[in-house]
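Structure first, commentary second.
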Amino acid sequence: MPVDYMLRPDSELTVRKLRTALGDKGLKTALVDLNDVNLDIAGEVALGFKKKEAGDQEVIEIPYTEATMLTLASYFEVPVPFLKREGATMQQVVFDTILARSKGEVLFEFTDDRLVEIRAPHLEKIDPRRVLDVAARVVGDDAHVISGWRESGEYRFDVVVRDGADFGIGGDPKVNDITKGGLRFGQNTKQRLAPWVQPFYYRLVCTNGMEVPNEGLKVSFKGNTVAQVLQELELAARRAFEEVEHQIEAFYDLRNKKVKDAEQMVLRLAREQRISPRATTDLVERLPALMEDPSDASFFDVVNAITNYANLPDLLDRPDRQRIYELAGGSIVAEHAERCPRCMGQLV
């Protein structure tokens, strides 16, 4: 029977275009005493604060948009679903209560129309565009960005080689089944963690993304300057990218590794990756639609069934949930590539 993949929307982003999209766009910074911050949601005066640099006591006001609300919620650790559910009146009460007991100085990053970030004054910041520069040097400035997102406390983007590249590509060209290799970059900016990188693959025929975990690529912020952190990130990215063609080969070699029971394999992986019972049931029910012959399934089929679940329309705007399935499938490839350097060993 024919397979029935869920396909994700195409992206026309490149590393170059994403860098432009993340431009400053009027970004400003102000040192602010939390005691001098006022909020008036109902009166639409919005967020007001005093700028303290060099004795300057200028009062600045910016609109209370949803983006501003999300930034405040992220910094003060207020659950966003609660704020959205309760509306403006409760948001006013919650933030008034928090601001009344908050002390000390913070840095506000803002534009004329929203609050972008709040952070401690001593914390160094890595501009995401500098991480994109690393991606450009390793994968290419014209490399394809499959997806990219940014919120007040985190950002992430997935980049693969451009169309027509003569490197970082593999698969089975005879049947037009191609997988592009690349990298996934991200950073938790809320906790001021170092940026990270992992191998990332994109199978074109089913628009499946897959992250192959590699614990040896960790980047440290400890004792390092921003320049040193970025240098360490680039070294990790180059190590990861050197392996992409081998790992794509390992991925396709999984077609030769049969599974006794595809359903049981999915159930095992779901337990290991802590996939919810509801999603596990849904995954198992979708297996017949994703395999030409479920009774003759391979590890390759199982990987694709799991990673294709990340294309579920409800998950396309929930990157953390998507990543669960992309990692679950990628973990099989990582294990296989490690066990058989020439892709000739047996997966157990």
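Nothing here was measured: the structure is a model prediction, and the numbers come from that model.
Counting heavy atoms from C-beta on, the side chains of Q198 and V212 never come closer than 4.5 Å. Proximity of L267 to R271: side-chain heavy atoms (C-beta onward) are separated by under 4.5 Å at one or more points. Side-chain atoms of F108 and I118, non-hydrogen and from C-beta on, do get closer than 4.5 Å to each other. Side-chain contact between L83 and M90 is absent, with no heavy-atom pair separated by less than 4.5 Å. Using a 4.5 Å heavy-atom cutoff, the side chains of V134 and P195 are not in contact. In this structure, the side chains of Y309 and D282 come closer than 4.5 Å at one or more pairs of heavy atoms. With contacts defined as side-chain heavy-atom distances shorter than 4.5 Å, the pair R150/T189 does not qualify. Taking 4.5 Å as the limit, some side-chain heavy atom of V106 sits within range of a side-chain heavy atom of Y75.
Between R162 and I169, the shortest heavy-atom contact is O-CD1, 4.4 Å. The shortest non-hydrogen separation linking L115 to T68 is N-OG1, 3.0 Å. Of all heavy-atom pairs between A297 and A262, the closest is CB-CB, 4.0 Å. Across all non-hydrogen atoms, the minimal contact from R255 to K258 is O-NZ, 4.0 Å. Across every non-hydrogen atom of G168 and V161, the tightest pair is O-CG2, 3.7 Å. When all heavy atoms of F185 and V159 are compared, the pair lying nearest together is CE1-CG1, 4.0 Å.
A salt bridge does not link R286 to D4: none of the charged side-chain nitrogens sits closer than 4.0 Å to a carboxylate oxygen. Ion pairing of R321 with D314 is absent here, as no side-chain N (NZ or NE/NH1/NH2) approaches a carboxylate O to less than 4.0 Å. Of the charged side-chain nitrogens involved, at least one lies within less than 4.0 Å of a carboxylate oxygen, so that E234 and R238 count as a salt-bridged pair.
Proximity of a side-chain donor or acceptor of D158 to a complementary backbone N or O of I146 within less than 3.5 Å is not detected. Within the 3.5 Å criterion, the main-chain N or O of V93 finds no donor-acceptor partner in the side chain of D96. At distances below 3.5 Å, not a single donor-acceptor pair connects side-chain atoms of S74 with backbone N or O atoms of T71. A donor-acceptor contact shorter than 3.5 Å is absent between the side chain of T65 and the backbone of R114. In this structure, the side chain of Q92 engages the main chain of L39 through a donor-acceptor pair within 3.5 Å. Using a distance-only test at 3.5 Å, with no hydrogens or angles considered, a donor-acceptor pair links the side chain of Q322 to the main chain of A310. Here the side chain of N308 pairs a donor or acceptor atom with the backbone of M6 at under 3.5 angstrom. A distance-only check finds a donor-acceptor pair linking the side chain of R156 to the backbone of P319 [under 3.5 Å]. Q187 places a side-chain N or O within donor-acceptor distance of the main-chain N or O of L193, the cut-off being under 3.5 Å.
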Given salt bridge (Lys or Arg N to Asp or Glu O under 4.0 Å), test R203 with D177 step by step and report yes or no. CA-CA 8 Å; R203 188 180 177 216; D177 188 346; 2.6 Å; yes

Tell me, with the steps shown, if V37 and F95 meet side chain to side chain contact (heavy atoms under 4.5 Å, CB included). CA-CA 10 Å; V37 176; F95 287 129; over 6 Å; no

Going through the checks in order, is the side chain to side chain contact (heavy atoms under 4.5 Å, CB included) test met by L34 and K103? CA-CA 6 Å; L34 286 172; K103 301 182 183 298; over 6 Å; no

Evaluate the side chain to side chain contact (heavy atoms under 4.5 Å, CB included) criterion for residues F110 and I60: first the C-alpha distance (whole Å), next the side-chain angles of each, then the deciding distance (0.1 Å), finally the verdict. CA-CA 10 Å; F110 60 98; I60 298 171; 3.7 Å; yes

Just do the side chain to side chain contact (heavy atoms under 4.5 Å, CB included) check on D320 and E154 with the steps written out, would you? CA-CA 11 Å; D320 284 343; E154 189 174 3; 4.3 Å; yes

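Note that the NZ atom of K180 and the CG atom of D163 stand 3.5 Å from one another [nearest 0.5 Å]. To the nearest 0.5 Å, the span separating CG on L31 from CG on L107 amounts to 5.5 Å. To the nearest 0.5 Å, atoms CD (Q273) and OH (Y325) are separated by 11.0 Å. Atoms NZ and CE, from K84 and M69 in turn, are 5.5 Å apart once rounded to the nearest 0.5 Å. The CD1 atom of I332 sits 4.5 Å away from atom CG of L269, with the distance rounded to the nearest 0.5 Å. M210 CE to Y202 OH: the interatomic distance, rounded to the nearest 0.5 Å, is 12.5 Å.
A side-chain donor from one of D253 and N256 sits under 3.5 Å from a side-chain acceptor of the other. Under the 3.5 Å distance criterion, with hydrogens and angles disregarded, no donor-acceptor pair is assigned to the side chains of Y5 and N304.
The local environment of CD in Q231 is sparse, with at most 12 non-hydrogen atoms from other residues, nucleotides or ligands closer than 6.0 Å. For CZ of R137, the number of neighbouring non-hydrogen atoms (other residues, nucleotides, ligands) closer than 6.0 Å is greater than 12. When the shell of 6.0 Å around CG of D317 is examined, it contains 12 or fewer heavy atoms from other residues, nucleotides or ligands. More than 12 heavy atoms of other shown residues, nucleotides or ligands fall within 6.0 angstrom of atom CD in E272.
F241 and L217 fall into different hydrophobic clusters, where Ile, Leu, Val, Met, Phe, Trp and Tyr residues are linked whenever their side-chain heavy atoms come under 4.5 Å apart, directly or through other members. Placement of Y252 and V205 in two distinct hydrophobic clusters is found when ILVMFWY residues are connected by side-chain heavy-atom separations under 4.5 Å, directly or transitively. Criterion: ILVMFWY side-chain heavy atoms under 4.5 Å apart, direct or through other members. Under it, I178 and V145 are part of a common hydrophobic cluster. There is no path of hydrophobic side-chain contacts, each under 4.5 Å, that joins L132 to W149. Under the 4.5 Å side-chain heavy-atom criterion for ILVMFWY residues, no single connected hydrophobic cluster contains both V15 and W196.
Shown are E211, Q247, E326, R184; of these, the side-chain hydrogen bond (donor to acceptor under 3.5 Å, both in side chains) with Y201 is made only by Q247.
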